[in-house]
Amino acid sequence: MNWYRLDVHQILADLNTSDHGLTEAEARERLTQFGPNKLAEVEKIGLLKILFHQFMSPLIYILVIAGVVTFFLEEYKDTGVIAAVLILNALIGFIQEYKAEKQVQALKKMVVARARVVRDGKEVEINGEDVVPGDIVLLASGGRVPADVRLIKTIEFKADESMLTGESVPAEKKSEVISEENLTPGDQLNMAFMGTVVVNGRGKGIVVATGSRTVLGRIAKDVQEVGVAKSPLQEKIDRFAQAIGIIVLVAATLLFLVGVLVGENAKDMFMTAVAATVATIPEGLPIVVTIALAIGVTRMAQRDAIIRKLPAVETLGSTTVICSDKTGTLTKNEMTVNRVYDGQKVYELTGSGYDPTGEILEEGRPVHAGVDSQLALLFRIGLLCNESEVFKEGEDYRVDGDPTEGALIVAAMKAGLDPEKEKDRLPQLAIIPFESDRGYMATLHRGGDHNLVFVKGAPEKLMELCVDCRMDAWKETPRVAEHFAREGLRVLGMAFKEVPAEQKDISMDDLQTGLVFAGLQGMIDPPRPEAIDAVAGCKEAGIRVVMITGDHAVTALAIAKKLGIASEEEVVEDLTAKPVDSLTDDEILSLLQDVVRALAVRSGLGQVEPESLTGRHVQAMNDPEFLGLIKGLLATLVKRAGPEGAVRNVLSGKEIETMTDADLFHLVQKVSVYARVSPQHKLRITQQLLKHGEIVAMTGDGVNDAPALKAAHIGVAMGKTGTDVAKEASDMVIADDNFASIYQAVELGRIVFDNIRKVIFFLIPTGIAAIITILATVMLGLPLPYLPAQLLWINIVTNGLQDVALAFEPGEKDVLKRPPRPPRSGIFNRLLVERTIIVALLISAGVVYEFIHDLNMGMSLEKARTIAVTTTVFFQFFQAFNSRSEMQSLFRMNPLGNPFLFFGTMAAFLAHLAAIYLPALQWVFRMEPIMPMEWLRIVLISVTVVIVVEIDKLVRRIVASNR
Ligand code: ATP
């Protein structure tokens with residue numbers, strides 16, 4: 001269909017819809033008729049694929065070959081046991097991988113795209129899949145276009161259509177009919193196509209095609225969701241496990257050769273070598289790593305951090321810097337106007353939240369704004385130059401749209417303005433929407449004899465904009481704005497202008513001249529209490545928190561102070577920390593005012609505002625003190641102006657703009673607050689931090705944040721306020737927009753890494769010990785301590801469950817008290833290597849000693865082997881508990897802290913008892929019953945592994961605390 005050639009009325013008629021949208025009932029009907037608005041069915045989980053996957057590892061191939069060899073040697077018992085190992089391994093892997101797949105699918109659903117449509121005459125947000133032809137959709141920058149849409153209204157609307165057209169420059173869209181025929185999608189400028197991205201402005205349109213009938217749907221019948229990449233850690237572990245596999249094969253060959261050389265039976269020796277290989281190969285390791293990562297993903301999702309890319313799970317744990325947006329992430333984003341300035345006086349507003357009960361106070365006394373006063377005008381601009389709405393839901397008031405705008409509506413209501421009446425009286429004709437980069441917005445309203453342009457935005461942006469505004473009211477603005485900002489308020493300026501009644505549209509040119517200043521509104525946005533705790537927690541965990549905000553530097557600093565990101569001294573330092581000649585007049589003025597205030601207090605005059613200073617005050621001041629202070633101040637200024645440039649704690653976007661990358665590189669390590677920053681700056685900050693080798697987590701929500709999110713190690717998008725584009729660029733989405741959730745995700749990331757280490761520390765030494773034990777006995781000229789079937793049994797009873805159980809470890813108390821893991825340090829650090837050697841030697845020595853002792857006591861070979869096997873099994877049980885912590889004593893941990901491990905070990909113990917005492921199993925494994933005194937010796941010998949590791953932990957703790 002050539003929708004672009006049709007006029008809007010005709011399309012509305014064709015699609016049987018109207019400007020008020022469809023009704024819910026119609027929409028439901030169309031959804032059944034046209035089907036859901038999605039491209040291809042999400043791929044079903046392939047059960048067979050997952051099953052096959054379990055056998056796709058070189059380690060498993062070795063096991064399969066071993067099974068086949070034993071079969072041909074007619075050692076059917078061994079074949080049976082190897083088959084059992086393979087099946088158990090595949091079963092655990094299958095169940096866990098299936099669960100992990102399902103989680104990943106569920107997570108994908110949690111971040112489905114949403115769409116804003118008009119239904120029953122009201123704007124509502126629905127799932128992108130529920131959009132139907134005939135729906136009226138509203139598009140805004142950062143969103144993906146949910147279906148093919150014929151635009152009926154556009155405001156500075158630009159779309160990135162590169163995915164369809166290959167054209168990288170965003171296309172500017174219009175709503176007018178185009179008469180030409182046979183245009184390609186790229187030339188259909190009044191259409192927005194499914195999957196393309198709105199990069200600027202607003203648009204409204206009629207959905208003309210959904211799902212596979214869209215242009216995108218026709219091109220790519222089955223565009224797949226982004227696949228889940230294997231994490232680098234998984235790859236590393238795979239390689240590591242393969243290397244171990246090769247080493248084991250070499251060691252087993254050696255074992256065979258040595259055995260034959262000392263005169264053992266070649267077939268027995270061969271079978272033993274095969275069994276030792278099977279027992280030593282950590283076949284469970286790759287699966288356990290996947291499981292550990294999956295557990296991490298689930299635990300993070302429970303705490304509102306949804307992982308989109310698996311590698312993020314492991315990188316999170318080594319995060320060294322978290323760069324966070326302020327509004328909504330560190331603060332509550334519940335704005336309340338509590339100060340206004342009408343160009344002459346400052347007023348206070350009472351009340352909190354979005355409840356419009358409250359009054360306006362002038363020096364503590366309630367005042368009425370009056371209908372046509374300057375004050376009423378200030379509130380009116382805030383109310384009408386606005387795209388949001390405040391509504392009541394039950395007892396609560398809520399904002400639909402931007403909280404900043406909601407606060408302005410509530411303030412206007414407190415001043416007695418009725419939103420509906422005001423909108424009727426001054427209907428909106430046109431709008432230049434707010435964009436973060438620009439910092440302000442404007443609307444045009446129909447008035448009586450003339451129309452009105454209302455503008456609101458960041459005060460200094462308004463000043464920049466208004467080149468000929470040289471009125472007194474404008475001159476006072478910076479001072480008052482600064483005053484508000486010091487209290488941590490977000491400050492918005494309001495201005496207006498009269499234009500002829502004929503004017504029906506506005507452009508940027510209209511804002512260049514004749515704007516009349518109407519005043520300022522200052523709003524608080526309290527820090528989230530949990531963010532304050534999380535910032536403190538980050539400090540303890542060696543992670544630096546950097547605040548990045550679109551707000552003014554002074555506001556930003558005040559909030560940073562409350563959050564603990566900038567300390568009190570830093571704030572004071574910052575006021576003077578600029579080179580003298582780079583101070584603006586305003587800054588010098590404000591600095592001198594600070595001096596006056598400080599002097600007044602020091603001279604015992606109490607709190608005196610500079611404005612109300614009289615000659616009497618000045619005379620009462622103490623001259624030397626005055627001079628001393630000024631001198632000190634100047635000295636600081638001069639010092640700061642040295643060759644190193646200014647040492648700053650706050651950097652503004654403007655300063656970053658004029659800075660080279662090299663300058664920025666030096667500053668990023670010190671600065672923890674960035675103000676009036678636009679998304680491009682975020683990218684530069686990230687890049688410079690990366691150059692320092694930091695592991696950077698960066699938050700973002702807007703479409704322009706995407707490059708910074710991609711550049712950072714962990715791009716964090718906001719679940720509620722984030723745009724589709726930001727979410728797609730991110731590695732992790734925070735469902736509740738809360739900084740504390742990022743902090744918790746870091747904690748869980750560290751736990752995942754720890755747990756993988758624990759599994760390795762459990763699996764590797766016990767495997768090595770088996771080989772050393774056999775080698776030692778062969779070289780000592782003794783009989784083999786284990787039969788092949790017994791070796792395989794040890795493998796099942798000790799590795800089957802405990803390694804998986806260790807992946808479930810809840811995390812140690814100190815995970816957030818140690819510094820981040822150095823990014824380059826691998827899994828296998830020195831501690832792990834040293835302890836692996838100690839444990840492997842200890843286990844082998846213990847088993848060999850026991851074996852020799854039993855033979856010397858005149859026990860039968862069967863009995864001595866049963867005891868050797870049992871001793872090995874017990875060593876490994878204890879080693880599993882040793883592995884629960886690298887540094888912490890086993891006795892300071894709750895034995896039931898990991899019930900999976902505790903009960904898994906119990907079950908394995910019962911299974912081993914069965915193997916010793918049940919006749920059928922006795923026959924399979926050639927075991928003999930063990931007597932109480934022998935049990936006692938077994939336990940006493942194997943418990944040494946706990947004692948030795950405890951001593952090692954203690955020594956390391958002492959060394960660490962003395963460092
Ligand atoms: P943060 O980076 O901490 O999340 P932010 O993204 O909310 O902050 P912006 O939205 O870029 O910051 O806002 C920057 C400035 O623009 C604000 O300090 C305010 O002065 C002004 N501003 C914010 N919202 C609006 C709006 N809806 N209309 C006009 N001006 C606004």
Side-chain angles (χ1 to χ4, degrees), residues 140-142 202 323-335 337 381-389 399 401-409 431-443 454-465 477-478 481-482 484-485 488-495 511 520-525 527-528 531 545-560 563 565 650 652-654 673-682 685 698-705 708 716-718 720-723 726 734 737-739:
S141 51
R202 308 273 188 276
C323 299
S324 173
D325 284 338
K326 172 176 75 69
T327 311
T329 310
L330 288 164
T331 65
K332 291 186 175 168
N333 207 5
E334 282 168 16
M335 305 271 179
V337 175
I381 299 175
L383 175 66
L384 296 179
C385 184
N386 200 309
E387 287 191 288
S388 307
E389 260 171 74
V399 175
D402 178 0
T404 301
E405 300 200 329
L408 297 173
I409 298 174
I431 179 169
I432 299 177
F434 175 76
E435 297 279 352
S436 241
D437 286 356
R438 195 186 294 139
Y440 58 84
M441 66 176 283
T443 48
F454 288 162
V455 188
K456 80 172 199 297
E460 78 276 11
K461 301 269 167 160
L462 290 195
M463 310 263 297
E464 266 170 36
L465 182 74
T477 313
E482 160 123 7
F484 282 6
L489 303 183
R490 158 174 282 208
V491 193
L492 267 81
M494 324 279 148
L511 311 181
L520 299 172
Q521 301 201 37
M523 52 188 83
I524 48 164
D525 176 18
R528 290 173 180 264
V545 181
V546 172
M547 178 166 121
I548 298 188
T549 173
D551 255 330
H552 191 275
V554 180
T555 309
L557 206 51
I559 301 282
L563 282 160
I565 292 175
V650 187
S652 74
K654 235 189 204 161
V673 180
Y674 295 88
R676 284 282 188 254
V677 162
S678 66
Q680 301 81 287
H681 303 140
K682 271 191 177 176
I685 296 167
M698 167 70 79
T699 71
D701 45 16
V703 51
N704 300 332
D705 287 336
V716 185
M718 297 298 130
K720 289 195 207 151
T721 54
T723 56
I734 296 295
D737 290 14
N738 191 341
F739 179 79

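Computed from a predicted structure; not experimentally measured. When a ligand or atom number is given, it counts from 1 through the structure's own listing order.
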Q: Check each of D525, D551, D402 against R490 using the salt bridge (Lys or Arg N to Asp or Glu O under 4.0 Å) test, and report the only one that passes.
A: D551

Q | Where ligand 1 meets G457 - atom numbers and elements under 4.0 angstrom, heavy-atom basis | A | 29 (C), 30 (N)

Q | Pairwise distance CG(L557) to CD1(I559) - rounded to 0.5 angstrom | A | 10.0 Å

Q. If you count the atoms of ligand 1 from 1 in the order shown, which ones are under 4.0 Å from a heavy atom of K326?
A. 1 (P), 3 (O)

(Q) I'd like to know whether ligand 1 has M547 as a neighbour, heavy-atom separation below 4.0 Å. (A) no

**Q.** Identity and distance of the protein heavy atom lying nearest atom 31 (C) of ligand 1
**A.** F434 CE1, 3.1 Å

Q) Are any of the N or O atoms of L492 closer than 3.5 Å to those of ligand 1? A) no

Q | Worked verdict on L563 versus K326 for side chain to side chain contact (heavy atoms under 4.5 Å, CB included) | A | CA-CA 10 Å; L563 282 160; K326 172 176 75 69; 5.6 Å; no

Q) For the atom pair CZ (R202) and CD (E435), what is the distance rounded to the nearest 0.5 Å? A) 6.0 Å

**Q.** Ligand-residue contact atoms, ligand 1 with D402, heavy atoms, under 4.0 Å
**A.** 24 (N), 27 (N)

Q | I734, I548, V716 screened by side-chain contact (heavy atoms from CB on, under 4.5 Å) with T699, the one that passes | A | V716

Q) What residue and atom, counting heavy atoms only, is the protein's closest point to atom 18 (O) of ligand 1, and at what distance? A) D551 OD1, 2.4 Å

Q: Out of E460, Q521, K456, R490, indicate the one that has the non-hydrogen atom closest to atom 13 (O) of ligand 1.
A: R490

Q | Nearest non-hydrogen protein atom, atom 1 (P) of ligand 1 | A | T327 OG1, 3.5 Å

**Q.** Nearest non-hydrogen protein atom, atom 14 (C) of ligand 1
**A.** G550 O, 3.2 Å

Q: Ignoring angles and geometry beyond distance, decide whether R676 reaches within less than 3.5 Å of ligand 1 through its nitrogen or oxygen atoms.
A: yes

(Q) Could you identify the single nearest non-hydrogen protein atom to atom 9 (P) of ligand 1 and state the distance to 0.1 Å? (A) S436 OG, 3.4 Å

Q. Looking at L462, V337, L408, L520, which one forms a side-chain contact (heavy atoms from CB on, under 4.5 Å) with L492?
A. L408

Q. Quick one: which ligand 1 atoms are inside 4.0 Å of a heavy atom on I548?
A. 2 (O), 3 (O)

Q) Once you round to the nearest 0.5 Å, how far does CG of N704 lie from OG1 of T723? A) 9.0 Å

Q) In Å and rounded to the nearest 0.5 Å, what is the NZ to CE distance from K456 to M441? A) 4.5 Å

Q | Side-chain donor-acceptor contact under 3.5 Å, T721 with D737 | A | yes

Q: Could you say whether the N/O atoms of V491 and ligand 1 ever approach to under 3.5 Å?
A: yes

